[in-house]
2 protein chains.
Amino acid sequence: MKRQRMSDQGGTVTIHDVARHAGVSSMTVSRVINKNVNVREPLREKVMASIKALKYTMNMAARSTRAGMGGVRIGVLYSHPSASYLNEVMLGGLDQAARLGAQLLLEKCGGLQSQKNAVNRLVEAGVDGVILPPPLCDSAPTVQMLTRVGIPVLALATARPLPEVSAVRIDDFQGALALTRHLTKLGHKRIGFIKGNPTHTPTEVRYEGFLKGLSEAGIALDEGLVVQGQFTYKSGLEAGRELLDRKDPPTAIFASNDDMAAGVMAVAHGLKISIPEQLSVCGFDDTPVASTIWPQLTTVHQPIVAMGRSSVSTIFERIKELKSGEPSRPAHQLMKFTLMDRDSTGPAPK
Amino acid sequence: MKRQRMSDQGGTVTIHDVARHAGVSSMTVSRVINKNVNVREPLREKVMASIKALKYTMNMAARSTRAGMGGVRIGVLYSHPSASYLNEVMLGGLDQAARLGAQLLLEKCGGLQSQKNAVNRLVEAGVDGVILPPPLCDSAPTVQMLTRVGIPVLALATARPLPEVSAVRIDDFQGALALTRHLTKLGHKRIGFIKGNPTHTPTEVRYEGFLKGLSEAGIALDEGLVVQGQFTYKSGLEAGRELLDRKDPPTAIFASNDDMAAGVMAVAHGLKISIPEQLSVCGFDDTPVASTIWPQLTTVHQPIVAMGRSSVSTIFERIKELKSGEPSRPAHQLMKFTLMDRDSTGPAPK
DNA sequence: GGGCCAAAAGATATCGATATCAAATTGGGG
DNA sequence: CCCCAATTTGATATCGATATCTTTTGGCCC
């Protein structure tokens with residue numbers, strides 16, 4: 001019934017209602033909300049109190065109609081990311097775009113010619129900036145095509161950011177290092193490693209993190225335990241079979257992403273190798289599959305949703321600066337990863 | 001440089017630009033766009049031509065500021081759906097919400113008491129409607145709590161829609177039937193079936209579709225080939241082991257969802273049973289895992305993103321009607337499913 | 001304490017689309 | 001051929017938030 005009353009009033013509390021309640025002008029309220037500096041403390045407090053009292057929430061649509069920023073269009077150009085990865089990126093991205101009143105255009109492409117076409121379509125559509133999720137974030141031709149026509153680009157989750165291109169990412173090296181330390185602390189000495197697709201930048205960087213972890217623990221690298229994968233489930237299956245069919249199989253396997261780790265675990269289940277008692281497995285990314293499979297996967301959590309959100313707001317800021325002629329430099333943002341210690345890793349067997 | 005020119009102009013084509021170009025008032029353009037009836041053919045054509053010529057696209061944010069519809073808030077209340085399922089729902093939902101200028105509030109809950117709290121939080125936040133993805137779509141207490149305070153509810157992907165609650169769904173019965181026919185046409189006679197969580201409505205309905213498919217093909221049900229699952233990967237693992245450890249294992253297994261099918265495939269890989277040569281496996285839902293695993297899974301595609309989108313617009317319409325005092329009835333929408341014939345099914349072995 | 005400048009607060013115009021009401025046009029019956 | 005009703009079109013106000021300009025306030029120096 002409380003609700004009923006609200007609905008009778010029209011339901012929505014506006015900035016003007018807050019202003020009236022606080023006895024100030026609506027501009028002052030707007031300034032408080034946007035953390036503009038020119039508001040004195042007593043007024044700011046009164047306004048904050050009124051916002052709380054009236055349970056005011058901003059109408060984002062209205063904000064975005066305001067001059068200048070209306071109709072910002074941001075393209076998201078992707079080629080072959082894992083489906084769930086892109087989902088999460090878009091989840092955060094769309095949410096943030098809605099907040100900012102920007103429009104997101106999703107465009108798919110395949111090979112190089114197809115990339116050219118896709119870029120043209122985006123330019124035709126009048127995008128003001130483009131986000132490149134992996135693996136396109138590392139495609140030099142695509143980045144060049146876009147920057148040449150003056151469109152700012154943001155590389156999402158690249159492991160080797162270029163200084164002249166904005167980027168949002170985690171520290172793949174530190175992530176892999178943390179995971180390796182986790183394994184060595186559990187007593188593992190024979191650790192298998194499955195590399196990812198060699199054309200993606202995180203592949204190499206994660207491997208470097210792994211090597212660093214080994215050397216920290218004083219373990220010599222056994223090259224026979226390093227297998228090339230492709231970041232796909234199938235390649236995980238094959239790599240897992242190769243590692244587990246050895247006479248001296250590893251006691252732990254570090255797969256460069258979750259999909260491959262899931263493949264390894266499928267093989268292990270088949271060989272009736274119990275996880276984590278006989279074999280520890282870990283992945284990377286914390287995509288949904290990591291918590292779907294059983295036992296749940298120890299992995300490095302990339303805050304993908306937050307990274308999608310951050311990508312949109314970062315490139316949005318850049319666009320705003322460029323449009324208003326302010327000086328603007330590419331922005332680089334490093335997000336925090338989290339080591340998800342779940343059930344697929346355990347102490348090394350004797 | 002084409003782009004540069006646009007940016008100099010301000011970049012965005014508005015309804016007024018179109019009006020000037022067509023030599024009419026902006027209201028007329030608005031009416032054409034919204035398919036209102038009161039526009040004569042010659043004018044409509046002129047306007048359409050101008051829209052095309054100027055590549056006009058509507059600014060959705062501006063539309064939603066207009067009186068009345070401002071600040072529609074739609075809650076999404078979920079408990080334990082698979083992560084990727086919820087992602088996709090939100091993907092479509094957020095996109096549509098942005099288009100309509102509505103706000104989406106995501107709220108999580110667990111048990112019954114927690115559901116009460118979550119409902120209260122949503123009411124407190126002033127939501128105008130609530131979407132319930134599975135499994136909450138079938139929770140009578142939650143639905144009642146909400147309807148009692150006059151908040152319209154939409155059940156997403158329930159298999160047994162209530163006449164008094166709006167719903168967006170696919171026909172689970174027909175989907176399961178189509179999949180079963182696919183298997184019988186391939187010559188399979190011994191088909192294992194893994195049921196889902198018994199508290200979810202699709203569980204039973206999919207099973208009924210399976211039974212219908214069997215009887216159509218003149219195959220008698222072997223109850224020993226029907227195993228209880230829980231819609232989880234782990235339960236698929238266990239059910240798969242049970243079915244494949246039999247003396248007379250089935251030549252095909254129909255898992256009630258993709259996660260369980262993935263579990264079955266992991267077991268099969270372990271037993272070195274090749275798919276699809278020795279065993280056909282199929283799932284249901286076409287979540288990302290279906291195209292992640294190898295071989296890719298034959299399954300029934302639920303257009304989850306579209307369903308999320310549709311849920312938002314359906315409940316938005318309902319809210320609009322209720323707010324403006326128009327007569328309003330719950331809306332039921334049936335989406336088309338697609339049989340995805342991929343690589344995990346093949347002809348029955350001799 | 002007066003004058004001056006910067007900071008703070010307010011008033012007003014504006015964004016793009018649409019509701020609403022007024023004006024213009026059409027059509028048809030007398 | 002005229003007049004009224006129904007339809008089509010246009011003018012204007014409005015939504016919520018903010019840019020911009022204007023007014024007010026407060027502090028500081030002499």
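Every chain is numbered from 1, with letters handed out A, B, ... down the list of sequences.
Across the protein-nucleic acid pair, M27(A) atom CE and dA8(C) atom C1' stand 11 Å apart, rounded to whole Å. R31(A) places its CZ atom 10 Å from the P atom of dA19(D), with the value rounded to the nearest Å. Between the CZ atom of R20(B) and the P atom of dG10(D) there is a distance of 14 Å, given to the nearest Å. Distance, I33(B) CD1 to dA19(C) P: 12 Å, rounded to whole Å. Atom-to-atom, CG of N38(B) to C1' of dA23(C) comes out at 15 Å; the value is rounded to the nearest Å.
When every heavy atom of T158(A) is checked against every heavy atom of A155(A), the shortest pair comes out as CG2-CB, 4.0 Å. Heavy atoms only, all atoms of each residue included: H332(A) and L162(A) are closest at CE1-O, 3.0 Å. Of all the heavy atoms in L54(B) and D17(B), the pair that sits closest is CD1-O, 3.7 Å.
In this structure, V39(B) reaches the sugar-phosphate backbone alone: every heavy-atom distance under 4.0 Å involves primed, P, OP1 or OP2 atoms, never a base. At the heavy-atom level, V24(A) lies under 4.0 Å from the strands shown only through sugar-phosphate atoms.
Heavy-atom distances to DNA chain C give each of R40(B) and T57(B) a nearest nucleotide, and the one nearer the 5′ end belongs to T57(B).
Side-chain proximity of H16(B) to the nucleotides dG10(D), dG16(D), dG16(C) is greatest for dG16(C). Distance from the side chain of T14(B) is smallest to dG16(C) among dG16(C), dT9(D), dT18(C). The side chain of L43(B) lies closest to dT9(D) when the candidates are dA8(C), dT9(D), dT20(D). The listed nucleotides are dG10(D), dT18(C), dG10(C); the one nearest the side chain of S30(B) is dT18(C). The side chain of I15(A) has dA17(D) as its nearest neighbour among dT18(C), dT8(D), dA17(D).
Taking five base pairs at each end of the helix from dG1(C)-dC30(D) to dG30(C)-dC1(D) and finding the rotation axis that steps the C1' atoms of four pairs onto the next four gives two axes whose angle is 40°, to the nearest 10°.
A side-chain donor-acceptor contact under 3.5 Å links T147(B) to the backbone of V143(B).
Between atom CZ of residue R169(A) and atom SG of residue C137(A) there is a gap of 11.0 Å, rounded to the nearest 0.5 Å.
By the 6.0 Å contact criterion, CE on M335(B) is enclosed, its count of non-hydrogen atoms from other residues, nucleotides or ligands being greater than 12.
In this model, the phosphate group of dG10(C) is approached by a side-chain N or O of T28(A) to a distance below 4.0 Å at OP1 or OP2.
For the residue pair T28(B) and S25(B), a side-chain donor N or O sits within less than 3.5 Å of a side-chain acceptor on the partner.
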